[in-house]
Amino acid sequence: MSEPFESRTRYDPAEAEPRILAAWLESGLFHPEPAGTPAENYSIAIPPPNVTGVLHMGHALNGSIQDTLIRYHRMLGRRTKWILGTDHAGIATQTQVERQLVAEGSGREELGRAAFVERVWDWRSRYGGAIVEQYKRLGASCDYQTERFTLDDDYAAAVTKVFIALFEKGLIYRDNYLVNWDPGTRSAISDLEVAEQEVTDTLYLIAYPLAEGDGDGDGDADGEVVVATVRPETMLADTAVAVNPADPRYQHLIGREVILPLLGRRLRIIADDYVKVDFGSGALKITPGHDPNDFEIGRRHGLEQISVIGEDGRMTEAAGPRFAGLPVASAQAAVIAALEEDGVLRGREPLTHAVPFSHRSGRRIEPLISLQWFMRMGPLAAPAIAAVEAGRVRFHPESQGRRCLDWMESIRPWCISRQLWWGHRLPVYYCDACEETYVAAVPPARCGLCDGEVRQDDDVLDTWFSSALWPFVTLGWPEPTAELAAFYPTDVLTTARDIVFLWVARMIMMGLEFTGEAPFHDVYVHSVILAPDKRRMSKSLGNGVDPIAEIDRHGADAVRFGLLAMSSTQDVPYSAEKIAQGQALANKLFNASRFVLLRVAPDAVPAPVAAAIEDRWILSRLTRIELELARRIEAYDFSHAAHAVYDFVYRELCDWYLELVKGRLAGEGDGDGDGDGEDRLAVSQTLLHVLRETLALAHPLIPFVTEEVWTHVRRPGDGLLAGAAFPVADEALLDPRAEAGLERAIAATEAIRGWRDEVAIKPKVIVPVRLAADGYDEVAPLVARMARLRLETAGAGGPRAGGGARARAGAGAHGGVGVDGGVGGDVLVRVPVPGGIVEVLAGEGVDLRAHGERRAKRREELEAEIARAAGKLANPGFVAKAPAEVVAAQHERLAQLEAELTAL
RNA sequence: GGGCGGUUAGCUCAGCUGGUCAGAGCGCCUGCCUUACAAGCAGGAGGUCGCUGGUUCGAGCCCAGCACCGCCCACCA
């Protein structure tokens, strides 16, 4: 009713959104007081974005999904909490700050650990809040009052407690083990942070001469074994050569020795099934110190583990004086040169194979043996597997649950220590004097055995270790807080599939281990939004689309709607069209609301008043959309939910209902001349009711525009729409008869409009017709209105009271044929509509030839369809085996088609 | 090497337990500045549903094989 509606014909999100957001934040609606039980309440823990991060499309989609769920449940009256926070993101954050230091001509080593960590905190306080502000732009109704950070003191204390508990349980241990060494971050990383890439390397064939006097008794150095490798520099760490025990070429050599070129070490020839007979020469050099497979073989055969590559990416002393100190790349060249010199290089050929790369730094992984902390996962995975199998945690789609199970069932130890400074430092202390180790929250002042100094382990925990505790630590665990009691377990976890193992599986394990309950009962795994070119969005490709820029351009509702509409369970390319569709929807809703509010009496009470069939129809359709939307949201089917809202608003509400009631609102009423106050009030009440319910049901998906319009339709005492109730479908309003009637009316209207267009009748011309069709008792006037017809009664000679008054204005002025009254029974042409025909009594400029063509075409269609239906019914198999109702439906269809054909 | 998903209108995608299921948005063509919206409204054109067989009275929808495309897992130097 207020001024914007009178003047503005377009919804302006840039103007409205900040205002609405401020109102939401101020309302306190996003912050629930902890009370009630988790079963009554609804909570979601946000996947904590990296504190360094900026909002990308994945966040935007994930945020839109979570906010839709959160707002929906809040409107259902549940006490609703969306747990917000950020992740310290060890490697990512440290790298970012280090880069800054380098730019300043400094570095972390120069700063020292304490100062560096200080610097990161400083950085975080300055730039760390950016992404939270971006979530606000999206309209995310997180609990901004209780934002958490994975490195806060309380959080750190919880992490320490967990570490100690798992250590005491024997699940955390320290070991020398072959790890994925990332030369970029100069830290070990876990298997999950490694991604393989195809690389073409050179495969070198190297001859290892047989050692003398070791088997055949004649003392000759009578041969050689050729091995193949793409990493010749690692040969310096070889401790054996392996062959397949069944390989006839080598059987006689098993147990003998070869001489390692360059170093002269004697290597035993061992037999192991792992070696493939048909690959390369069938002999495999064994390097336990630098190859995962060789490491396993080495353990099986009790071989020594030699490390020739250090954590600094240079060759170690063990590589021998010629190579020690060289960077790996130069060492490779030097080794090749030396081998050639010695005449043992037997060949080289290109080999394309998969090689591990660091997800974090992009550098090629250097497998090497390192003293690290590990976590034994089997005992933790077992209860998680049971929970997923029993359906206590359900994945959507189910295939992701299967995938998660597969991973958990073959889970391996997790390397949890990282050689970084930014993170949760291990609560582990060593006494160097007596080599005692202490694992404790509070370190002993001095060693309990020898009274020596103790020092803390330098390493920090993998970021995912703390992330795994997210759903319960954010709520206050290990303290028995009110928040924990009210909101744990949470309800659903939504994410893309790339962190199902990295994060989701581990959360389930840790939740079960430390709280006895799975942290959520549903996991919704959504699409990855690809770039429009169908490749992954990436900085290096430069094909990313910035959601904030899209919000600036099209509004948050448009972006939310678009993302939800394009999402599915598989990857989807970003669709600018869907965003545009969302923007159009917001605008449509805005203008439809203007239409209502500029006409409806301010004193009208919103109430469903079924005064006419179209009222009963829209109320019935509204009820159906309410039922559908609730069903879709609860099934995590957001794409259909979005499209359902769109279709309802466009098709049913705007295209048909608003157009249908325009006349009644203008006071044409039931034709008594000067408008019908009673009917007008009824329409007003219904319109207001439908509008309010439409806003409410669309609100979880497109919160801003609905909230904006709500300010104009709300009544005294109504609060924000965000705090209003989601419409409860009133099934008493379902009205199949009204739906069938309108369905027929709409089909007839469309048929006549199509005909009009084809025979070139001017849009403004009112065409006099006689309706000779069944099923239009209640809706004939509606068809007349929408198709711009004037209904004559069969056999009558003059205009009817009902249609006459309405038709006069447009048609009379243009002098259309026969619209001056006095039309007789002469039928000009016949137009088929469902259930019969419309007899056109006269028409201005009807293109008879076009009409003829159209009729002929329709006749052809009908004949084809009749033939098909008749054919089916003539098939004895069909009649005998198909369900009776299907056969009956086919009979009815045939009858209708034939009736239409006859009428033609 | 194993597993999963996809192949439907020019483009991006819907199509539930087989029987009006051949659809939507965008794009395209035609007509309308109809007093909510011209970033709008009305109408229209456009597809042998990847290929080949099979099951069935009936198949985008089920089965088998094949061809492409994508993703995940995996220890072939």
Side-chain angles (χ1 to χ4, degrees), chain A residues 5 8-11 196 201 203-205 227-231 234 242 274-276 278-287 291-297 351 353-354 397 399-400 402-403 406-407 410 497-498 500-501 528 530 532 534-536 554 562 565-566 568-578 580-584 587-599 639-640 643 646-647 650 654-655 658-659 662 666 749-750 753-758 760-764 786-788 810 865 868-869 872 875-883 885-887 889-890 893 897:
Chain A
F5 280 133
R8 286 188 296 146
T9 61
R10 297 215 56 84
Y11 169 61
E196 307 217 316
D201 280 322
L203 183 69
Y204 296 94
L205 302 173
V227 299
T229 180
V230 295
R231 299 290 308 276
T234 64
Y274 169 78
V275 182
K276 302 287 180 291
D278 54 359
F279 190 93
S281 63
L284 176 62
K285 69 193 260 307
I286 301 300
T287 320
D291 183 278
N293 305 312
D294 294 5
F295 182 82
E296 295 298 332
I297 295 170
L351 177 74
H353 61 150
S399 58
Q400 292 299 328
R402 187 61 254 166
R403 201 175 138 250
D406 288 345
W407 182 75
S410 59
R497 73 178 115 67
D498 50 359
V500 165
F501 308 153
V528 170
L530 304 173
K534 290 191 167 185
R535 294 190 293 180
R536 280 189 87 109
H554 306 287
M566 73 183 84
S568 74
T569 52
Q570 65 181 75
D571 294 354
V572 288
Y574 183 76
S575 162
E577 289 79 17
K578 288 289 183 221
Q581 200 180 344
Q583 187 172 7
N587 193 58
K588 192 75 172 176
L589 205 48
F590 179 81
N591 276 300
S593 304
R594 274 181 72 224
F595 170 82
V596 174
L597 294 165
L598 292 175
R599 280 168 183 71
S639 176
H640 284 107
H643 284 112
Y646 181 93
D647 286 342
Y650 263 78
C654 293
D655 290 353
L658 294 186
E659 295 299 333
K662 269 181 179 174
T749 301
E750 286 172 340
R753 281 174 176 171
W755 170 79
R756 287 182 61 125
D757 204 65
E758 219 156 306
I761 296 174
K762 294 257 186 292
K764 283 188 173 171
M786 300 304 285
R788 303 188 77 84
E865 288 187 57
R868 191 143 40 107
K872 264 191 168 182
N875 180 343
F878 175 73
V879 179
K881 296 189 178 178
E885 54 191 49
V886 172
V887 177
Q890 205 58 230
R893 176 172 152 77
L897 291 169

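Note that the structure is a prediction, hence the values are computed from the model and not measured. Here is the naming used below: chain letters follow the sequence lines, and residue numbers restart at 1 for every chain.
- Distances shorter than 4.0 Å separate some side-chain N or O of A/His353 from OP1 or OP2 on B/A77.
- With hydrogens and angles ignored, the 3.5 Å screen pairs no side-chain donor or acceptor of A/Lys534 with any backbone N or O of A/Pro532.
- When both pairing distances are held under 3.5 Å, B/C28 makes a Watson-Crick or G-U pair with B/G44.
- Closest to the side chain of A/Asn293, from the set B/C73, B/G25, B/C75, is B/C75.
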- Message: As a quick check of understanding, evaluate side chain to side chain contact (heavy atoms under 4.5 Å, CB included) for A/Asp406 and A/Arg402, giving each step before the final call.
- Response: CA-CA 6 Å; A/Asp406 288 345; A/Arg402 187 61 254 166; 2.9 Å; yes
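- For A/Pro763, taking side-chain heavy atoms from C-beta onward, the closest of the listed nucleotides B/G31, B/A77, B/C37 is B/G31.
- Pairing partner, B/A64: B/U52, with both Watson-Crick or wobble hydrogen-bond distances short of 3.5 Å.
- At distances below 3.5 Å, not a single donor-acceptor pair connects side-chain atoms of A/Arg497 with backbone N or O atoms of A/Gln400.
- Atom pair A/Arg497:CZ and B/C71:P shows a separation of 9 Å (rounding to whole Å applied).
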- Message: Walk me through whether A/Asp201 and A/Arg231 qualify under side chain to side chain contact (heavy atoms under 4.5 Å, CB included).
- Response: CA-CA 9 Å; A/Asp201 280 322; A/Arg231 299 290 308 276; 6.0 Å; no
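- In the set B/A77, B/C37, B/G19, B/A77 carries the atom at the smallest distance from any side-chain atom of A/Val230.
- Of the two residues contacting RNA chain B, namely A/Tyr646 and A/Val572, the nearest-nucleotide position lying further toward the 5' end is that of A/Val572.
- Although no hydrogens or angles enter the test, the distance criterion places no donor-acceptor pair under 3.5 Å between the side chain of A/Asp291 and the main chain of A/Ile286.
- Taking atom CD on A/Gln581 and atom P on B/C37, their separation rounds to 22 Å, with Å as the unit.
- Side-chain atoms of A/Arg10 lie closest to B/A39 of the nucleotides B/A39, B/A74, B/A77.
- If you check every strand for non-hydrogen atoms under 4.0 Å, A/Val227 touches nothing.
- Distance noted for atom C1' between B/G70 and B/G23: 25 Å (whole Å).
- Here the separation of B/G27 from B/C72, taken at their C1' atoms, is 35 Å to the nearest Å.
- Using Watson-Crick or G-U wobble geometry with both donor-acceptor distances under 3.5 Å, B/U17 finds no partner in any strand shown.
- The backbone N or O of A/Arg788 lies less than 3.5 Å from a partner atom in the side chain of A/Arg756, making a donor-acceptor pair.
- Nucleic acid contact for A/Tyr204: none, since no nucleic acid atom lies under 4.0 Å from a heavy atom of the residue.
- Taken from OH in A/Tyr274 to CD in A/Glu296, the straight-line distance is 10.5 Å, to the nearest 0.5 Å.
- Here, B/A67 and B/C28 have their P atoms 39 Å apart, quoted to the whole Å.
- Nucleotides B/A77 and B/C4, compared at atom C1', are 29 Å apart to the nearest Å.
- For the atom pair A/Met786 CE and A/Arg753 CZ, the distance stands at 5.0 Å (nearest 0.5 Å).
- Rounded to a whole Å, the CZ atom of A/Arg893 is 5 Å from the C1' atom of B/U20.
- Considering only side-chain atoms of A/Ser568, the nucleotide from B/A14, B/A77, B/G19 that sits closest is B/A14.
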Dump every N/O contact between nucleotides 53-55 of chain B and the protein below 3.5 Å, one line per pair.
none

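- In this structure, the nucleotide among B/A14, B/A77, B/A38 sitting nearest to the side chain of A/Lys276 is B/A77.
- Inter-residue side-chain proximity for A/Lys578 and A/Val572 is flagged as unmet; no heavy-atom pair is nearer than 4.5 Å.
- For A/Arg753 and B/G31, the CZ to P distance is 18 Å, given to the nearest whole Å.
- A distance of about 37 Å separates the P atoms of B/U56 and B/C11, rounded to the whole Å.
- Comparing B/C75, B/U30, B/G25 by their nearest atom to the side chain of A/Lys578 picks out B/G25.
- Judged by the 6.0 Å and 45° rule, A/Lys588 forms no cation-pi pair with A/Phe590.
- A/Phe295 comes within contact range of no nucleotide atom at all, as no heavy-atom separation falls under 4.0 Å.
- Residue contacts for A/Gln400: at a heavy-atom cut-off of 4.0 Å it reaches no nucleic acid atom on any strand shown.
- Atom name C1', nucleotides B/C32 and B/C69: the rounded distance is 44 Å, in whole Å.
- When the C1' atom is compared between B/G18 and B/C13, the two are found 23 Å apart, to the nearest whole Å.
- Under a cutoff of 6.0 Å and an axis angle of 45°, A/Arg594 and A/Tyr11 do not form a cation-pi pair.
- As judged by a 4.0 angstrom heavy-atom cut-off over every strand, A/Phe501 is placed among residues touching the sugar-phosphate backbone only.
- A/Trp407 has its side chain out of reach of A/Val500: every pair of non-hydrogen atoms, C-beta onward, lies at least 4.5 Å apart.
- Rounding to the nearest 0.5 angstrom, the gap separating the CG atom in A/Leu284 from the CD1 atom in A/Ile297 is 5.5 Å.
- With its glycosidic angle within 90° of 0, B/G60 is assigned syn.
- A distance of about 50 Å separates the P atoms of B/G3 and B/G44, rounded to the whole Å.
- Note on A/Gln583: a base of the nucleic acid sits closer than 4.0 angstrom, heavy atoms only.
- Residue A/Asp655 is classed as a sugar-phosphate contact, given heavy-atom separations below 4.0 Å to backbone atoms only.
- Rounded to whole Å, atom C1' of B/A39 lies 11 Å from atom NZ of A/Lys588.
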Return the polar atom pairs (N/O with N/O) between nucleotides 5-7 of chain B and the protein under 3.5 Å, or none.
unit_1	atom_1	unit_2	atom_2	d
B/G5	O2'	A/Gln570	OE1	3.3

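- Nearest-nucleotide positions on RNA chain B for A/Pro876 and A/Ser575 put A/Ser575 closer to the 5' end.
- Between the C1' atom of B/U34 and the CZ atom of A/Arg756 lies a distance of 12 Å, rounded to the nearest Å.
- As the counterpart of B/C4, B/G70 is assigned, both hydrogen-bonding distances of the Watson-Crick or G-U wobble pattern falling under 3.5 Å.
- Among the heavy atoms of the strands, none lies under 4.0 Å from A/Ala584.
- Residue A/Glu577 contributes atom CD, which lies 11 Å from atom P of B/C13 at whole-angstrom precision.
- With rounding to whole Å, A/Lys534 atom NZ is found 14 Å from B/C71 atom C1'.
- Contacts of A/Pro292 with the nucleic acid, taken as non-hydrogen atoms under 4.0 Å apart, are absent.
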